[in-house]
Chemist: 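Here it is, the structure, as structure tokens.
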Amino acid sequence: MSELPDRHAINALFAGNYADPFSFLGMHQTVEGLEVRALLPDASEVWVIETNTGRKCAQLKCLDSRGFFCGVIPRRKNLFRYQLAVTWHGQQNLIDDAYRFGPLLADMDAWLLGEGTHLRPYETLGAHNATIDGVSGTRFSVWAPNARRVSVVGEFNFWDGRRHPMRFRRELGIWELFVPGAVNGQLYKYEIIDASGQMRIKADPFAFEAQMRPQTASMICGLPPKVEMQPQRKAANAFDQPISIYEVHLGSWRRHTDNNFWLSYKELAEQLIPYVKEMGFTHIELLPINEHPFDGSWGYQPLGMYAPTRRFGTRDEFRHFIAAAHDAGINVLLDWVPGHFPSDDFGLAKFDGTELYEHSDPREGYHQDWNTLIYNFGRREVSNYLSGNALYWMERFGIDGLRVDAVASMIYRDYSRKEGEWIPNHFGGRENLEAISFLRHTNRTLGRAAPGTISVAEESTDYPGVTRPSEDGGLGFWFKWNLGWMHDTLDYMKLDPVHRRYHHNLMTFGMLYNYTENFVLPLSHDEVVHGKRSILDRMPGDAWQKFANLRAYYGWMWGFPGKKLQFMGNEFAQGREWNHDSSLDWHLLEGEDNWHNGVQRLVRDLNHSYKHFTPLHQLDFDAQGFEWLVVDDHENSVFVFARRDREGNEIIVASNFTPVTRHDYRFGVNQQGGWREVLNTDQQDYHGSDVRNHGVVHTDAIESHGRAQSLSLTLPPLATIWLVREGD
């Protein structure tokens, strides 16, 4: 080596501007013999040790006081395994040189990552424990194609970016390095000299665990083992099964009373899961638990897509929480947010100095509503990062399904934008074709690689075929939130009963489009925040009427076609809006038995009855499963319909949405015989007025509503009743 190139290279190394450290550091064949070069700041003495024999081969000279060492091993031509005996501050340490190891990415992984078709990119990118050539350590890989230099920094190298610059795989845009001795539990980040020469310190996009906010480092922890999806979990997700979802924000379901601090994953497993089981819910849906910097986003601005939040404990404790739910017979859905991400400096924004994960044009890459960035779904590495993440939660945590947030904001380029604030697609249309392709691909991937899992779309428009197969032009989701049903029925329920006769269609309109999608009926967190008031507080009238209206509405909801979803607190009629910074108002259930206890018991009984009676769930998405018996009684605000299973068994659901008791109310039925109440939202157990139809009520051979047989019942005030045929 001539002095001039060496000096330039050494200066570039210390400046952090040398892009190919493997061409300079490590062991190299020269005409004089094997030359070893090492960058070891603050070292005072360095020897090369032959690993196989333990023999000292050569002492390296310090050619630069900043810590560059170099030496020749004479009469040796063939590369061999070696270690470095390094003296720091008077103490000698035997270390393996990171720059003696070859490229890390296997050819097939490199091919698939380059194509953006890797089914499991998380098995290659990120930080992974490895033993290479008998040496234990961690291999790091990160995509940053426009960076000038990337170093991995962490507790294993004093957070010094000079010590471990990475190898650049130019054909992939990926930087990689095996760091001997880096072990589980150590923190790390990537120090990036970006495309403009600026230094950026970034968390790992593929970090499997991260620090508790406001700290932002990633943690070496390796991949969790795969979780096999048992047959009973698959069966519980089926279209013909009862699905009743309890939507939960883990940080505010219940808190410690002494300090208002969160419950841990362990405490939630001990308290939340038994409660959900007792209440009869079949699924828990968790608001996003991906690591996120801001509590007030409720998790909807995630940055650590592969890391469960440390707010409630470790990653493994979260896995135990999910396992406890499965042991209790409860499936777990995860709220998943591929639609946007925050612009925090340590995250994905301008990751390598360019708009790598996001778009460069704010008309495509910026969400005005949420002050967040939008993924560039047309970039194959980005879509692969996200689709791989969906499979990761299923395979590595045992998540049973994903609820995908804000789908409409993804599939429309003009979402919440005025003319001139968005860019049409290449056909001139408003659809985001790349996002649509990404959603279809992700749903196909889940169907093939994680059969039995489901995806649920929160899609707020009438985009056609959200739950239809992608081969038929749909998006390929299993279910879609029926936000139209939610808005219509809540608009009806908030009316004074005297005015409901003029808005009868709000309760019936949902059936006109019911079979266009596979619907979930949601009363979600979005309906109890931002001044919308609680579900209870939207009901009209005095306290008695508010609770009676709510109970009647719930009875209607559980009888109506579609899977069910209730946000936490709705099940006991919390009176105030949800506040993410405090516990639910559990005190409302304390003391003497009251209206809140009554609503809670009703929801419990609704869930258990819903699971027990197959007509209520088996044909949710089949027109044979529903029939109006009374649909046009505007004057009395009465609705009656029948639910049916494959065998023809029926349940009759009758609702009276006025405070007037309807005596001798006659309507036609399909099946003659005796009918009995199995649920009445007005009964005394629920703190109603206890107007009942006791015993068995028999049909009469009296024509009514176009049917030869009819029933004459008493319809309680502001109530819903369910009836089954005697013997069913």
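Because only heavy atoms are used, hydrogens play no part in the values below, and waters and symmetry mates are left out as well, while side chains stay in. Computed from a prediction, not measured in an experiment: that's the story for all the values here. Throughout, numbering of the chain's residues begins at 1 and tracks the sequence.
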Chemist: Check this for me, if you would: do E395 and R120 make a salt bridge, where the nitrogen-to-carboxylate-oxygen distance has to be below 4.0 angstrom?
Modeler: yes
Chemist: Hey, does the side chain of S244 reach the backbone of K564 with a donor-acceptor pair shorter than 3.5 angstrom?
Modeler: no
Chemist: Taking the ring of H118 and the ring of W111, is the distance between their centroids below 6.0 Å?
Modeler: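 That pair fails the under 6.0 Å test.
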Chemist: Can you confirm if the aromatic rings of W298 and H530 lie within a centre distance of less than 6.0 Å?
Modeler: yes
Chemist: Below 4.5 Å, heavy atoms only, C-beta onward: do H283 and V332 meet side chain to side chain?
Modeler: no
Chemist: Measure centre to centre between the rings of H487 and F509, then say whether the value is under 6.0 Å.
Modeler: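 No: the rings miss the under 6.0 Å criterion.
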Chemist: Answer yes or no: is there a side-chain heavy-atom contact under 4.5 Å between H128 and R139?
Modeler: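 H128 reaches R139 side chain to side chain.
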Chemist: Looking at N290, N389, D405, which hits side-chain hydrogen bond (donor to acceptor under 3.5 Å, both in side chains) with W336?
Modeler: N389
Chemist: For the backbone of G452 and the side chain of N237, can you confirm whether one donor and one acceptor N or O come within less than 3.5 Å of each other?
Modeler: yes
Chemist: Spell out, as yes or no, whether a donor-acceptor pair under 3.5 Å connects the side chain of K563 to the backbone of F239.
Modeler: yes
Chemist: Check the angle between the aromatic planes of Y190 and Y188 and answer parallel, tilted or perpendicular using the 30° and 60° thresholds.
Modeler: perpendicular
Chemist: Taking R255 for the side chain and G251 for the main chain, is one N or O donor matched with an acceptor at less than 3.5 Å?
Modeler: yes
Chemist: Please answer whether the main-chain N or O of A217 pairs with a side-chain N or O of Q211 as donor and acceptor at a distance below 3.5 Å.
Modeler: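 Yes: the side chain of Q211 pairs with the backbone of A217.
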Chemist: Quick one: are the ring centres of Y306 and Y392 less than 6.0 Å apart?
Modeler: yes
Chemist: Kindly say whether T453 contributes a backbone atom to a donor-acceptor pair with the side chain of R233 at under 3.5 angstrom?
Modeler: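 Looks like no, no N/O pair under 3.5 Å.
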Chemist: Report yes if some heavy atom in the side chain of F281 is under 4.5 Å from a heavy atom in the side chain of I245; otherwise report no.
Modeler: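 With C-beta onward as the side chain, the pair stays apart.
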Chemist: Report yes if the distance between the aromatic ring centroids of Y275 and W586 is under 6.0 Å, otherwise no.
Modeler: yes
Chemist: Check the pair K234, D400 against salt bridge (Lys or Arg N to Asp or Glu O under 4.0 Å), reporting the backbone distance first and the verdict last.
Modeler: CA-CA 8 Å; K234 294 182 181 181; D400 299 286; over 6 Å; no
Chemist: Less than 6.0 angstrom separating the ring centers of W143 and Y385, yes or no?
Modeler: no
Chemist: Could you check whether atom NZ of K611 has more than 12 heavy atoms from other residues, nucleotides or ligands sitting under 6.0 Å from it?
Modeler: yes
Chemist: Do any pairs count as a salt bridge (charged side-chain N to carboxylate O under 4.0 Å, His left out) and have a residue in residues 451-463, sequence neighbours left out, and if so which ones?
Modeler: R403-E458, E459-K480
Chemist: Do you see a donor-acceptor pair shorter than 3.5 Å between the side chains of T309 and E291?
Modeler: yes
Chemist: Could you give the distance from CZ (R643) to OG1 (T614), rounded to the nearest 0.5 Å?
Modeler: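 Here the rounded value is 10.5 Å.
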Chemist: Could you go step by step and tell me if D622 and R644 meet the salt bridge (Lys or Arg N to Asp or Glu O under 4.0 Å) rule?
Modeler: CA-CA 10 Å; D622 186 326; R644 194 176 295 116; over 6 Å; no
Chemist: Under 3.5 Å, side chain of S218 to main-chain N/O of D204, donor-acceptor pair present?
Modeler: yes
Chemist: Are any of the side-chain heavy atoms of N518 and D620 separated by less than 4.5 Å?
Modeler: no
Chemist: If you count heavy atoms of other groups shown closer than 6.0 angstrom to CG of D107, is the number above 12?
Modeler: no
Chemist: Answer yes or no: is there an ion pair linking D526 with K532, defined by an N-O contact shorter than 4.0 Å?
Modeler: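 The answer is no: the pair does not qualify as a salt bridge.
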Chemist: Where do E431 and R413 land on the salt bridge (Lys or Arg N to Asp or Glu O under 4.0 Å) test, with the steps shown first?
Modeler: CA-CA 6 Å; E431 295 81 12; R413 289 172 165 265; over 6 Å; no
Chemist: Would you say the ring centroid of F318 lies under 6.0 angstrom from that of Y265?
Modeler: yes
Chemist: Are the side chain of R311 and the backbone of H292 linked by a donor-acceptor contact shorter than 3.5 Å?
Modeler: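 Pair found, side chain donor or acceptor close to backbone of H292.
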Chemist: Mind checking whether Y515 and F621 have ring centres under 6.0 Å apart?
Modeler: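 Y515 vs F621: aromatic centres not under 6.0 Å.
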Chemist: Centroid separation under 6.0 Å, is that true for the rings of F567 and Y246?
Modeler: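 That pair fails the under 6.0 Å test.
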Chemist: Working to the nearest 0.5 angstrom, can you tell me the gap between N376 CG and E434 CD?
Modeler: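 The CG atom of N376 sits 7.5 Å away from the CD atom of E434.
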Chemist: Any side-chain to backbone donor/acceptor pair from K189 onto A203? Under 3.5 Å, distance only.
Modeler: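 No.
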Chemist: What verdict does the side-chain hydrogen bond (donor to acceptor under 3.5 Å, both in side chains) test give for E247 and H525, after you've listed the backbone C-alpha separation in whole Å, the side-chain angles of each residue and the deciding distance to 0.1 Å?
Modeler: CA-CA 8 Å; E247 189 190 28; H525 65 280; 2.8 Å; yes
Chemist: First locate atom OG1 of T124, then atom CD1 of I174, and finally report the distance between them rounded to the nearest 0.5 Å.
Modeler: 8.0 Å
Chemist: Do the non-hydrogen side-chain atoms of F377 and L439 ever get within less than 4.5 Å of each other?
Modeler: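 In short, these two side chains do not touch, never coming nearer than 4.5 Å.
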Chemist: Can any side-chain N or O of S609 pair as donor or acceptor with the backbone N or O of L606 at less than 3.5 Å?
Modeler: no
Chemist: Do the charged groups of R310 and E209 touch, with an N to O distance under 4.0 Å?
Modeler: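 Looking at E209 together with R310, the answer is yes, because their closest N to O distance falls below 4.0 Å.
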Chemist: Start with the C-alpha distance between T467 and E517, add both sets of side-chain angles, then the distance that settles side-chain hydrogen bond (donor to acceptor under 3.5 Å, both in side chains), and finish with yes or no.
Modeler: CA-CA 6 Å; T467 58; E517 304 281 5; 2.5 Å; yes
Chemist: Is the shortest side-chain heavy-atom distance between M229 and M394 below 4.5 Å?
Modeler: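 M229 does not reach M394 side chain to side chain.
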Chemist: Before we go on, tell me: are the rings of Y375 and F438 under 6.0 Å apart, centre to centre?
Modeler: no
